[in-house]
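In this chain, residues are counted from 1 in sequence order. Start at 1 and go down the list; that is how both ligands and their atoms are numbered.
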Amino acid sequence: MRSLLVIGNWKLNGNKNTITNLTIALVNAFYNISKCSVAIAPPVMYLDVVKRYLLNSHIQLCAQNVDIHLSGAFTGDISAEMLQDLNTRYALIGHSERRIHHKENDADIAKKFFILKKVGLIPILCIGENKKEYDSGYTQSVCINQIKAIIKLLGIEAFKNSVIAYEPIWAIGSGVSASPENVQLVHKSIRDYIASYDASIADNITIQYGGSVTPENVIQFFDQKDIDGVLVGAASLNANSFSMIVQTAEKHKKPYPD
Ligand code: PGA
């Protein structure tokens, strides 16, 4: 059975002081959380700072990126083993900001997926279409192709204990989220596609939505059958907003199939 997963992606924001304060506020706010899963993804250089405050907390650590190598002459990169060393549980891969600004392609992302699984971290594979693709009706084929690239290299088994985050690029940071009904259709098509390989993996995989999620709109996403959580950017930088989103997840009774 899938439980809701809420992740806060802090992107390139904050400093030691603000990140410490935000972490402490969230640890205090989430002392009673037990049903949904929560993770925060601070900038990588603060993972160790944040980790110290999470010792007895329900909040898990998430990295925003990972390198394809485990060690060696790769200046500026961070390995999956280093993330594991800091008790990091999840890592985002294929976020559109990395696909766009760092020219990451599906092959690079598949290698990242592989290395995370090898080390025992949970990959959060971000997928989604741009505005032009959305307007042309290509949303589902873009998403399926991004998933196919992983299956081609690693096989369907790789999706066991993995997460997919569907994030339409045009909805990220725009203040305009996708409609929950459309997101449900996309999530269902993703789950059906995975089920065409393996029904049990499809049933168990967590598929999050991301893109301008707020405390006000989040419940409409949770109300959809195939939306298993949210990946939150801007609203996760504010302790009150992120707490409201997590409390909504905690209280939600998902209409899962029997
Ligand atoms: P947003 O970002 O919530 O600010 O739209 C989401 C994301 O990029 O993961």
Side-chain angles (χ1 to χ4, degrees), residues 4-14 18-19 22 26 36-44 46-47 50 59-66 83 88-104 109 112-113 116 121-131 133-134 139 142-143 146-147 162-180 182-183 186-187 190 206-222 224 227-249:
L4 287 170
L5 170 63
V6 179
I7 298 186
N9 176 9
W10 294 352
K11 306 192 182 185
L12 186 59
N13 291 298
T18 59
I19 281 180
L22 181 54
L26 295 178
C36 68
S37 302
V38 186
I40 47 179
V44 70
Y46 297 118
L47 278 173
V50 168
I59 307 171
Q60 301 281 346
L61 268 185
C62 178
Q64 295 180 17
N65 184 30
V66 67
L83 296 176
T88 309
R89 175 123 195 238
Y90 304 93
L92 304 178
I93 51 172
H95 192 286
S96 57
E97 286 152 15
R98 294 212 59 88
R99 292 183 194 253
I100 294 166
H101 303 307
H102 298 269
K103 308 279 176 279
E104 288 186 10
I109 294 157
K112 292 183 177 200
F113 200 114
L116 289 169
L121 269 77
I122 301 177
I124 299 179
L125 174 69
C126 302
I127 60 172
E129 82 287 1
N130 61 31
K131 182 78 170 71
E133 291 160 340
Y134 173 75
T139 298
V142 168
C143 291
Q146 289 171 339
I147 290 170
S162 299
V163 176
I164 293 172
Y166 167 55
E167 298 203 300
I169 297 169
W170 49 270
I172 295 176
S174 67
V176 181
S177 61
S179 94
N182 278 348
V183 174
V186 178
H187 283 212
I190 292 169
T206 295
I207 310 178
Q208 296 179 297
Y209 166 74
S212 298
V213 171
T214 63
E216 291 74 33
N217 66 19
V218 72
I219 192 152
Q220 299 164 44
F221 292 103
F222 293 154
Q224 301 293 330
I227 302 181
D228 309 316
V230 284
L231 180 52
V232 187
S236 71
L237 288 166
N238 177 288
N240 284 338
S241 313
F242 195 55
S243 300
M244 282 192 258
I245 291 171
V246 170
Q247 297 292 353
T248 305

Closest non-hydrogen protein atom to atom 7 (C) of ligand 1, residue and atom name please, with distance? E167 OE2, 3.1 Å

Atom OH of residue position Y46 - does it have more than 12 heavy atoms of other residues, nucleotides or ligands inside 6.0 Å? yes

Pick out which of H95, E104, R98 makes a side chain to side chain contact (heavy atoms under 4.5 Å, CB included) with I109. E104

Below 3.5 angstrom, do we get any N/O pair linking L231 and ligand 1? no

Can you label the angle between the Y166 ring and the H187 ring as parallel, tilted or perpendicular, going by 30° and 60°? perpendicular

In this structure, atom 4 (O) of ligand 1 is nearest to the protein heavy atom A234 N, 2.9 Å

Would you mind telling me which of I207, L5, I164 makes a side chain to side chain contact (heavy atoms under 4.5 Å, CB included) with D228? I207

Does ligand 1 have a heavy atom under 4.0 Å from the side chain of N9, from its backbone, from both, or from neither? side chain

Side chain to side chain contact (heavy atoms under 4.5 Å, CB included) evaluation trace for Y209 with V186: CA-CA 10 Å; Y209 166 74; V186 178; over 6 Å; no

Less than 4.0 Å is my threshold; does some heavy atom of A235 fall inside it relative to ligand 1? no

Which of the ligand 1 atoms, numbered from 1, are nearer than 4.0 Å to a heavy atom of G211: 5 (O)

Just so I know, are the side chains of I190 and I127 near enough to count as touching, which here means a heavy-atom distance under 4.5 Å? yes

Check each atom of ligand 1 against the heavy atoms of S212 and keep those under 4.0 Å away; list them by number with element. 1 (P), 3 (O), 5 (O)

For atom 1 (P) of ligand 1, the option (of G210, S177, G233) bearing the nearest heavy atom: G233

